[in-house]
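Protein chains get the first letters and strands the later ones, always in sequence-line order, with residue 1 at the start of each. Since this is a predicted model, take the numbers as computed values, not measurements.
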Amino acid sequence: GAGVSQTPSNKVTEKGKYVELRCDPISGHTALYWYRQSLGQGPEFLIYFQGTGAADDSGLPNDRFFAVRPEGSVSTLKIQRTERGDSAVYLCASSLRASGRESSYNEQFFGPGTRLTVL
Amino acid sequence: AQSVAQPEDQVNVAEGNPLTVKCTYSVSGNPYLFWYVQYPNRGLQFLLKYITGDNLVKGSYGFEAEFNKSQTSFHLKKPSALVSDSALYFCAVRGLNTGGFKTIFGAGTRLFVKA
C-alpha cells in the first residue's frame, strides 16, 4: 500500500520567504508527527496531531512555525520569514492510534522528507 | 527530561560477524523504546520496539534488542551482519510522563559492514 508521502522533495527558498511543506499520511492513520532532522543529528520532534488537533506542539522552535491538519488527514507545515538556520530535512510520520495510552507505543511510518534550503 | 544517547558515531564490522549498536536512555517512568533504520535516500524504517514483557525483543531483518532496566540500555544486536545492513541506526524513546506523545531520537550510529 501507499506509504507516507511528502511534497516537495526539495525546496530552495530565500531568507525571509514563506514556505509550506505538505504531508500525506497513510490512509487510516489518525496520528501524525512532524520532525526536523539536521545533518548528523537524529529527528527532532516538532508537533503531533491527534486527528485534526495539535495534541503536542511543544517542539515548534518559535512562532514562525505553524502546522495544520484541517480534515484529519493531510497536514501542512508552514514556516514564515524563513532563516538560514531553518535549513534541514523535515520529516513527517504517521501511526495507527492517536488516543489513549496505547498510542505511545505504536511505531511510526516515516515519509522520505522534504529537504529545505534557505539561502 | 528524557534523553537518548548513542555513544558511537560509527560501528565497523565484518560481514558474518555479530554486531552491536549501543543505546542508553533516560526517562521518567516506564520507557517505550524503539529502533529505526535509515537507508540512503529512503525514509526512516521501524525495526523493533520494547513496551513490556520479555527483555529480548526481535524485529525486522534478523535484528534484536535487549532491554536492560538496571543499565538503562537498549542495545541493538544481530548475530551475523550483512553488507546490506550498512545504514544509519536511530534509537528512540517515549515516556509516559513526558506529555505522552513526544518521541526523542538519538543522534544516530552509522553501521558499516565490510564484505
request  = Select, from B/Q45, B/R110, B/R42, B/Q38, the one with the greatest count of heavy-atom pairs under 4.5 Å involving chain A.
outcome  = B/Q38

inquiry  = With a 6.0 Å cut-off on the ring centroids, do B/Y36 and A/F110 count as close?
reply    = yes

ask   = Side chain, backbone, both or neither: which part of A/L91 has an atom under 4.5 Å from a heavy atom of chain B?
value = side chain

request  = Assign the ring pair A/F45 / A/Y35 to parallel, tilted or perpendicular, where the plane angle (0 to 90°) is split at 30° and 60°.
outcome  = perpendicular

inquiry  = Please identify which of these residues, A/Y48, A/Y90, A/F49, meets the ring pair (Phe, Tyr, Trp, His ring centres under 6.0 Å) condition with A/Y33.
reply    = A/Y48

ask   = Cation-pi between A/K78 and A/F66: NZ/CZ under 6.0 Å from ring centre and within 45° of the ring axis?
value = no

query = Checking heavy atoms, do the side chain of A/E44, its backbone, both or neither come under 4.5 Å from chain B?
reply = neither

